[in-house]
Amino acid sequence: MTRFANKTVVITGASRGIGAAIARRFAREGANLVVSANEDAVHGVAQTIQAEGGRAISVLCDVTDKASVVALYDAAEKAFGSVDVSIQNAGVITIAKVEDLPENDWDKVMAVNTKGVFLCAQEAIARMRKHGKGGRIINTASGQARDGFIYTPHYAASKMGVVGITQSLAKEVAIEGITVNAFCPGIIETDMWAYNDQAWGKLLGTYAPGELMKEWVEGIPMKRAGSGEDVAGLVTFLASEDAAYITGQTINVDGGLIMS
Ligand SMILES: NC(=O)c1ccc[n+]([C@@H]2O[C@H](COP(=O)([O-])OP(=O)(O)OC[C@H]3O[C@@H](n4cnc5c(N)ncnc54)[C@H](O)[C@@H]3O)[C@@H](O)[C@H]2O)c1
């Protein structure tokens, strides 16, 4: 498939989990990939894409740091000429009872999940405007952008903030052919969810590893957790020509867990 031939896709948080799955899917569909994260494993993702016959570079970037974000988009333009799709996917979570939640956790989660989305979108839009070819901004929110879960007020706030950023930017750039959308994964099997399972499991009862997740998956109408591929299907659609008339939207990809 070559739906994204000659398109350059920048994706953050792509060293593993949802981001790596999205990157590999775009590469299989012909895109030039700029995979980024704040850990060295991201280089392995680029190597995997190359081994599968795709085009990719990897760039270390801390999305909370403006200079690091500028360097990421500079590297993308240097390697491939322009940026057509920018996926703000880097994210972190911590889980604690309200009186035990350190101020540092609040600051870090807001910095990565909300400010990081803004800094990357800001830089991507500036480059898209310069090239005048339109583009796609796609932001990772969460089921927690719909319904704040227990013991994670900072994470819920950070992801609801992503929806606000998405709507505001969508209105500003719509006339320039740039769409801005967000997606809300539900329970997707990644390292983050492995942490969630044990951290929520300790606070909500005496769950052995995997037990809480199993219980929550029972509450999903489709009765299964999601995969990175499930998410990649939605994200590639939002990046495609078929989604040209969709902007400012936040779409759930969660097997029916949340229906709003
Ligand atoms: N897994 C789920 O069930 C789930 C559900 C809802 C939302 N999400 C969201 O999806 C996104 C990806 O989640 P995942 O499950 O793949 O997580 P993960 O923990 O497996 O991967 C997180 C990625 O973010 C990167 N990252 C963290 N801090 C960073 C920083 N400061 N700068 C740059 N990169 C940074 C990590 O290097 C890694 O690549 C996150 O935004 C997360 O909040 C995940």
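Indexing begins at 1, ligand by ligand and atom by atom, following the structure's order. FYI, side chains are in, hydrogens and waters are out, and symmetry mates aren't considered; it's all heavy atoms of this structure.
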R127 atom CZ, neighbour heavy-atom count above 12 within 6.0 Å: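 More than 12 within 6.0 Å, yes.
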
List ligand 1 atoms under 4.0 Å from [X], heavy atoms only on the residue side.
X    : answer
T140 : 9 (C), 10 (O), 11 (C), 41 (O)
S142 : 6 (C), 7 (C)
E39  : 37 (O)
C61  : 32 (N), 33 (C)
G91  : 22 (C), 24 (O), 27 (C), 40 (C), 41 (O)
I188 : 1 (N), 2 (C), 3 (O)
A14  : 39 (O)

Side-chain donor-acceptor pair present, Q88, N139, cut-off under 3.5 Å: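 Side chains of Q88 and N139: pair found under 3.5 Å.
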
Nitrogen or oxygen atoms of [X] and ligand 1 under 3.5 Å apart:
X    : answer
T64  : no
I18  : yes
I187 : no
V63  : yes
N113 : no
N38  : yes

Show me the donor-acceptor pairs within less than 3.5 Å that the side chains of residues 102-110 make with the rest of the protein, sequence neighbours left out.
unit_1 : atom_1 : unit_2 : atom_2 : d
D105   : OD2    : T94    : OG1    : 2.9

Min side-chain heavy-atom separation S82-K133 under 4.5 Å: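 Of all side-chain heavy-atom pairs linking K133 with S82, at least one is under 4.5 Å.
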
Among protein heavy atoms, which lies nearest [atom], and at what distance?
atom                    : result
atom 40 (C) of ligand 1 : N89 O, 3.3 Å
atom 17 (O) of ligand 1 : M192 CB, 3.6 Å
atom 8 (N) of ligand 1  : Y155 OH, 3.7 Å

Part of V112 with heavy atoms under 4.0 Å of ligand 1, whether side chain, backbone, both or neither: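 Side chain only.
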
